[in-house]
Amino acid sequence: MSRILVQDALAATAPRDSLLLQGWVRTRRDAKAFSFIELNDGSSLRGIQIIANATLPDYAHIERVTTGAALEVRGKLVPSQGQGQKWEVIADAFTIVGEADATYPLQKKGHTMEFLREIAHLRPRSNLFGAVFRVRSRLAFAIHQFFQDKGFFYIHTPIVTASDCEGAGELFRVSTLDPKNPPKKPDGAIDYQQDFFAKPTYLTVSGQLEAEIFACALSNVYTFGPTFRAENSNTSRHAAEFWMIEPEMAFCDLQGDMTLAEEFVKYLIRDAKEHCAADLEFFGKFVDKELLKRHDFVLERPFQRCTYTDAIQILETCGRKWEHPVKWGDNMQSEHERFLAEEHFKCPVTVYNYPRTLKPFYMRVNDDGRTVTAMDLLVPGIGEIIGGSQREERLEVLRESMAQHKLSEKEYWWYLDLRRFGTVPHAGFGLGFERMLMFVTGVGNIRDVIPFARTPGTAEF
Ligand code: 4AD
Ligand code: MG
């Protein structure tokens, strides 16, 4: 007999005389003549109720059917007598596949999120984390579906790279040199000529530059992969390793870029609502009471658009005392981004045309000479989830921006070539996958939407 997943058993349309279930015991309650076992196999939020009669030969082992134990059950699927579930299983036989003693940490009582992070190898067996990672899986699939349906091609950009796309210097070095005794140049500097790649190399902070290459050949492309940033910021929204989706479109300007970003975010929310309804309902009950309302609100309305200059004026004149006062030319802090999305516009807002000095070298310079065609999508509860721009397609302007950022034309010769041969207006953005998951699930800390968080000082598991 082959195994049936709990999810499929619960969705059955008729009773079954025999079925095989395998999973982990959540709880066991003993009555006089039988025991109730709740079995969960991770296929759905809900477990299935098993009734093990005391007359079963295996019943002698019932004391070993403990929370956390792996169990195999053969039995009949019958309409449930009890409240709250349509089906239950009358066991004909059960086998304890793997025992769990009383030290199993996920006993019924509630645990803090901090504690659950310390047991990241067991937390996927809890309701909350099972739900988070089912949604994560579904949305990873939906991302491909969204782009593939639109004719975008999926490009695998390299993880090891010699370039610093964002220019923020937040790079993890990749090297095989002996840290105790690295080869030196006559001036005492480390000689990376002798390193594995014969030059300094790093883990990528973004696949954008390589995606641009492919957009300028296949027109519409996207990347979806891990990115790495050695930002020493211990916030609820920053991870040192996170996943980013980066579409890049040839013959596209900033307006088209913003339109795609809005469509994409709405698509993912809609997809989660459709395919992860039970998990979202759980988040709405136990994580964030406003969640489901917020999803609908976000889906129903067009996102607002606002220039950086207007946004700064709003922040300066709204009468609020800021922890970090802000004026034209400053980076917006999280408190400002959240104010715009949560209190001023009360919906997702795309801020665009940022000061040139705040942004990386590749963004297209506007006619005013002091702003670039950057855009950030800010959402309630989180702030920035998307950063993007139209790219500088004019060779001479790009060279000037590179000079301002002290970038070597020799290193970026291939990037300049794209502007030498058949250059086109093009644009793209990056969506932080974990930030999107925070938005969809209401989970407040990035450490809890990625299986194993890498943050300053933490790389366990
Ligand atoms: O705004 P960012 O830095 O933009 C880029 O990397 C561009 N190259 C993207 C592009 O145009 N192709 O990052 C994009 C998004 C942010 O909006 C945020 O959602 C996420 O990536 N992100 C992070 N997520 C988690 N932890 C971090 N440390 C993050 N840094 C950025
Ligand atoms: Mg950004």
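Note that the numbering runs from 1 along the sequence shown for the chain.
For the pair Glu337 (side chain) and Glu384 (backbone), a donor-acceptor distance under 3.5 Å is present. No side-chain donor-acceptor contact under 3.5 Å links Lys266 to the backbone of Glu300. Checked by atom type and distance alone, the side chain of Arg394 pairs as donor or acceptor with a backbone atom of Val365 at under 3.5 Å. The backbone N or O of Lys285 lies less than 3.5 Å from a partner atom in the side chain of Lys289, making a donor-acceptor pair. Glu262 places a side-chain N or O within donor-acceptor distance of the main-chain N or O of Phe303, the cut-off being under 3.5 Å. Of the possible donor and acceptor atoms, none in the side chain of Arg294 sits under 3.5 Å from a partner among the backbone N and O of Cys347.
Contact check on Lys273 versus Asp296 returns a salt bridge, with a Lys/Arg side-chain nitrogen under 4.0 Å from an Asp/Glu carboxylate oxygen. Between Arg356 and Glu400, at least one side-chain nitrogen of the basic residue sits less than 4.0 Å from a carboxylate oxygen of the acidic one, meeting the salt-bridge criterion. Under the 4.0 Å criterion applied to side-chain N and carboxylate O atoms, Arg136 and Asp279 are not assigned as salt-bridge partners. Remark: Arg338 engages Glu342 in a salt bridge, criterion side-chain N to carboxylate O under 4.0 Å. Ion pair Glu393/Arg364 flagged as a salt bridge, since at least one NZ, NE, NH1 or NH2 atom sits closer than 4.0 Å to an Asp/Glu carboxylate oxygen. Ionic pairing of Glu343 and Arg320 is present here: one or more N-O contacts between side-chain nitrogen and carboxylate oxygen are shorter than 4.0 angstrom.
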Inset, instruction - For side-chain contact (heavy atoms from CB on, under 4.5 Å), just list the numbers for Cys306 and Leu340, CA-CA rounded to whole Å, side-chain angles, deciding distance to a tenth of an Å, and then say yes or no. - result: CA-CA 10 Å; Cys306 166; Leu340 290 171; 5.8 Å; no
Legend entry - Chi angles and distances behind the side-chain hydrogen bond (donor to acceptor under 3.5 Å, both in side chains) call for Thr309, Thr307: CA-CA 5 Å; Thr309 301; Thr307 64; 4.7 Å; no
Inset, instruction - Verify side-chain contact (heavy atoms from CB on, under 4.5 Å) between Leu377 and Phe429, making sure each step is shown before the conclusion. - result: CA-CA 10 Å; Leu377 175 62; Phe429 62 79; over 6 Å; no
Inset, instruction - Using the side-chain contact (heavy atoms from CB on, under 4.5 Å) rule, take Leu299 and Arg270 through it: C-alpha gap first, then chi angles, then the decisive distance, then the call. - result: CA-CA 8 Å; Leu299 288 177; Arg270 223 176 278 119; 4.2 Å; yes
Inset, instruction - Give the C-alpha distance, both sets of side-chain angles, the deciding distance and a yes or no for side-chain contact (heavy atoms from CB on, under 4.5 Å) between His111 and Arg123. - result: CA-CA 10 Å; His111 292 296; Arg123 69 177 183 171; over 6 Å; no
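The closest side-chain heavy-atom distance from Asp448 to Val132 is not below 4.5 Å. Contact annotation: the side chain of Asp288 never approaches that of Phe283 to less than 4.5 Å [non-hydrogen atoms, C-beta and beyond]. At least one side-chain heavy atom of Ile269 sits under 4.5 Å from a side-chain heavy atom of Met436. For the pair Gln145 and Asp271, the minimum side-chain heavy-atom distance is below 4.5 Å. A 4.5 Å side-chain heavy-atom check between Ser163 and Leu209 finds at least one atom pair inside the cut-off. Side chains of Leu378 and Val351 form a contact here, defined as non-hydrogen atoms less than 4.5 Å apart. Looking at heavy atoms from C-beta onward, Pro226 lies in side-chain contact with Ile159 at the 4.5 angstrom threshold. Side-chain contact between Lys150 and Phe146 is present, with at least one heavy-atom pair separated by less than 4.5 Å.
The aromatic ring centroids of Tyr192 and Phe197 lie 6.0 Å or more from each other. The aromatic ring centroids of Tyr202 and Phe228 lie 6.0 Å or more from each other. Remark: aromatic rings of Phe147 and Tyr154 are distant, center separation not under 6.0 Å. Ring pair Phe361/Tyr415: centre-to-centre distance below 6.0 Å.
Between Phe452 and Phe461, the two ring planes are tilted [angle within 30° to 60°]. Below 30°, between 30° and 60°, or above 60°: for Phe339 and Trp322 the angle between ring planes is above 60°, a perpendicular geometry. In this structure, Tyr354 and Tyr308 have tilted ring planes: the angle between them lies in the 30° to 60° band.
Side-chain contact, Gln255 with Tyr352: no donor N or O sits under 3.5 Å from an acceptor N or O. Side-chain contact check for Glu246 and Ser206: at least one donor-acceptor pair (N or O, by modelled atom type) lies under 3.5 Å. Using modelled atom types and a 3.5 Å distance limit, the side chains of Thr235 and Ser233 yield no donor-acceptor pair. A donor-acceptor contact closer than 3.5 angstrom is absent between the side chains of Asn366 and Thr373. Defined by atom type and a distance below 3.5 Å, a donor-acceptor pair is missing between the side-chain atoms of Tyr362 and Glu212.
One distance of note links CZ of Arg173 with CG of Leu203; it measures 11.5 Å at 0.5 Å rounding. For the atom pair CZ of Arg391 and CG of Leu254, the computed distance is 10.0 Å after rounding to the nearest 0.5 Å. Taking CD from Gln333 and NE2 from His324, the interatomic distance works out to 4.5 Å, rounded to the nearest 0.5 Å. Taking CD of Glu248 as the start and OG1 of Thr157 as the end, the distance is 11.0 Å to the nearest 0.5 Å. The structure places OH of Tyr267 at 10.5 Å from CD1 of Ile143, a figure rounded to the nearest 0.5 Å. To the nearest 0.5 angstrom, Thr176 atom OG1 is 4.5 Å from Asp195 atom CG.
In this structure, Phe282 places its CZ atom where more than 12 heavy-atom neighbours from other residues, nucleotides or ligands lie under 6.0 Å away. Around atom CZ of Phe297, more than 12 heavy atoms belonging to other residues, nucleotides or ligands sit under 6.0 Å away. Summarising the local packing, CD of Gln313 is surrounded by 12 or fewer heavy atoms from other residues, nucleotides or ligands at distances under 6.0 Å. With a 6.0 Å radius and a threshold of 12 heavy atoms from other residues, nucleotides or ligands, Asn232 has its CG atom at or below the threshold. Around atom CG of Asp367, no more than 12 heavy atoms belonging to other residues, nucleotides or ligands sit under 6.0 Å away. No more than 12 heavy-atom neighbours from other residues, nucleotides or ligands sit within 6.0 angstrom of CD on Glu281. The neighbour count for Lys293 NZ, taken as heavy atoms of other residues, nucleotides or ligands under 6.0 Å away, does not exceed 12.
The one candidate from Glu434, Met113, Met438, Arg117 that meets the side chain to side chain contact (heavy atoms under 4.5 Å, CB included) condition with Asn445 is Arg117.
For the pair Arg125 and Leu106, the tightest heavy-atom approach, listed with the atom from each and the gap, is CB-CD1, 4.0 Å. When all heavy atoms are compared, the tightest approach of Pro183 to Leu177 is CD-CD2, 3.6 Å. Here the closest non-hydrogen pair linking Pro380 and Phe439 is O-CE1, 3.7 Å. The shortest non-hydrogen separation linking Asn234 to Arg447 is OD1-NH2, 2.7 Å. Here the shortest heavy-atom pairing between Arg237 and Ile446 reads O-CD1, 3.5 Å. Closest non-hydrogen pair, Ser43 versus Leu5, comes out as OG-CB, 3.8 Å.
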